[in-house]
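Heads up: the structure comes next, in structure tokens.
Counting begins at 1 with the first residue of the sequence. Remember, it's 1-based here, ligands and their atoms both numbered in the order they're listed.
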Amino acid sequence: MSFTLHGIAVSGGIAIGRAHLVSQASVEVDHYSIPEEFVGREIKRFERAVKRVNTELDTLEKSVKSDLSTDVAAFVNVHRMILEDSMFSEEPKQIIRSELCNAEWAVKLQLDASLAQFADIQDEYLRERKTDVRQVVERIMAALLGQGDVVPEKLQTRAEDTILVAHDLSPADVILFKDHQVAAFVTDLGGATSHTAILARSLGIPSIVALHHARQLIREDETIVVDGTQGVVLVDPEKTVLDEYRLKQNQWNIERKKLSRLKTAEASTLDGINVELHANIELPTDMDAVKQSGATGIGLFRSEFLFLNRKDLPSEEEQFEAYKTVAEGMKGKPVTIRTLDIGADKNFEEGGPAQSINPALGLRAIRYCLAEPKLFRTQLRAILRASKFGNVQILIPMISNVLEITQTFAAIEQAKAELKAEGKKFNADIKVGGMIEIPAAAICLPLFLKKLDFISIGTNDLIQYTLAIDRTDDAVAHLYNPLHPAVLLLISSVIRQANAAGKPVTVCGEMAGDVKLTRLLLGFGLRHFSMHPANLLTVKQRVLMSNMAEIEPLSAKLLKAEDVEKQLGYLERLNGS
Ligand code: PEP
Ligand code: MG
């Protein structure tokens with residue numbers, strides 16, 4: 001049965017492969033005993049979970065009726081039948097009573113028992129229902145745990161044509177893919193600039209988020225096509241459609257090859273304006289991609305990724321080695337290490353900022369580091385020591401007031417004094433910059449410019465905080481608009497003021513790697529871009545074909561455009577040739 005799903009395209013290219021459902025059934029399920037008097041309460045929990053899944057199926061059914069075939073509606077019905085079967089609506093309650101165990105464990109025991117029966121079934125149709133049973137159970141588990149229905153497997157044995165289909169993935173999950181060559185991934189949740197999406201781009205594989213029901217509708221091992229440029233997933237396509245996409249895939253690969261010829265070309269416009277194109281990285285292992293891209297520096301090293309997927313914190317020595325590897329690898333070119341930006345959608349496995357109701361507005365980034373002086377000191381010492389091995393600079397994330405800068409400077413001075421007393425070498429004149437990603441910092445920029453050596457505009461968060469749109473929430477993803485006049489006013493005014501003050505300014509958010517916006521940013525006066533290496537050559541190609549004399553007036557007009565049509569008209573003209 002062929003059908004198509006639409007989501008938000010986050011990383012271009014075409015992948016053709018077999019679906020692997022990232023499954024919660026592989027999660028270790030908690031098992032604990034309960035006293036007899038808690039049995040009733042546990043059964044109620046279970047009943048509530050089943051009820052919630054029923055409601056989810058209702059919602060799914062409604063959306064299916066409006067945009068998918070009746071075949072798929074039938075598939076939803078199968079799930080409802082499984083949910084209503086006594087095997088899953090009643091048996092787990094018996095298990096809770098007899099085993100005196102928690103509801104999750106009872107559901108798991110029931111799943112194991114029914115999967116064992118499937119192994120003996122000869123009939124292919126009935127055997128296929130195994131996936132349905134698993135999916136329904138995963139939904140019950142998710143409802144019991146009160147969370148999204150996914151924790152990924154560790155991807156040990158999957159082949160290169162594997163396309164991961166998940167309900168949701170955290171940045172920590174995606175970072176695991178770096179070691180496992182998968183062809184693409186798609187998720188039901190997520191926004192275009194969530195860290196999950198950013199990492200997808202850094203992997204250079206096609207990916208799509210916000211597909212809503214992909215995890216529910218796609219079957220294990222089904223053939224799927226992911227068009228990461230259009231944001232479309234084709235499930236079980238006809239042969240002619242597959243052939244068409246194979247052709248598109250070849251064309252894409254040929255284009256990528258052609259682009260690689262630009263690697264050593266200097267990025268300058270037709271009228272001779274030089275532009276720096278730097279790379280964003282998460283780990284030292286990204287250096288291969290940086291070299292392939294011909295980046296002239298690292299504009300953003302998201303150091304927090306050294307802290308994910310582990311139970312302990314990286315020691316000073318371990319961090320020092322990581323920073324030194326990158327500093328040496330760049331051979332004197334700038335390496336901008338951002339201090340720990342933990343919190344919101346990135347967190348330690350254990351400890352770290354407590355999950356607040358609005359984590360993006362909570363104890364995040366520099367706020368957390370200043371509240372944890374020991375952890376901050378360890379990182380600052382490691383960065384300072386690495387500064388001896390290259391052109392390292394420090395970048396402070398999420399600054400919202402000047403006191404944070406003063407306090408950070410004090411911490412840096414203290415780390416320097418310690419290292420000096422210990423006879424350890426470092427660059428005493430290391431440059432310190434700040435990220436402009438909170439509107440308060442953009443609005444009061446002169447106060448910040450006075451203190452900092454350079455600034456970097458984090459457009460991902462700047463858009464989130466200016467428009468009050470959670471960047472990870474697909475429900476409001478349609479409102480996350482980089483071209484909102486308020487966003488453009490802030491960005492252009494920050495660039496203008498920094499240029500006037502003679503302070504280097506970079507854009508390191510996803511806008512910098514979006515080729516549709518390259519000329520607009522050039523027109524605003526931006527000369528330093530930092531992006532994932534996978535986007536760099538496409539942006540360089542655009543720079544090489546740009547003429548400032550044409551771009552500047554159009555960018556100024558776009559900034560003043562009074563309605564969306566006019567704005568898009570100017571954008572089209574900017575990207576015209
Ligand atoms: C940004 O906010 O634009 C940015 C570059 O930082 P991050 O995406 O890591 O929050
Ligand atoms: Mg940010």
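Nearest heavy atoms, P284 versus F301: CD-CZ, 4.2 Å. For the residue pair N427 and S387, the shortest heavy atom distance occurs at N-OG, 2.9 Å.
The 4.0 Å heavy-atom shell around ligand 1 contains residues H195, I198, L300, R302, R338, D341, K346, R364, M435, E437, G458, T459, N460, D461, R471, C508, G509, ordered by chain and number.
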**Q.** D341 and R302: CA distance, side-chain angles, deciding distance, salt bridge (charged side-chain N to carboxylate O under 4.0 Å, His left out) verdict
**A.** CA-CA 7 Å; D341 182 0; R302 289 185 164 97; over 6 Å; no
Q. Hey, mind stepping through R573 and E550 against salt bridge (charged side-chain N to carboxylate O under 4.0 Å, His left out) and telling me if it holds?
A. CA-CA 10 Å; R573 281 173 64 190; E550 287 167 13; over 6 Å; no
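The Mg ion (ligand 2) has E437 OE1, D461 OD2 as its protein N, O or S neighbours under 2.8 Å.
Checked by atom type, the side-chain pair R542/N575 shows a donor-acceptor distance below 3.5 Å. Looking at T378 and E316, their side chains never bring a donor and an acceptor atom within 3.5 Å of each other. Under 3.5 Å, the side chains of T296 and E276 contain a donor-acceptor pair of N or O atoms.
Rounded to the nearest 0.5 Å, atoms NE2 (H528) and CG (L277) are 10.0 Å apart.
Considering only heavy atoms from C-beta on, R364 stays 4.5 Å or farther from P397 through its side chain.
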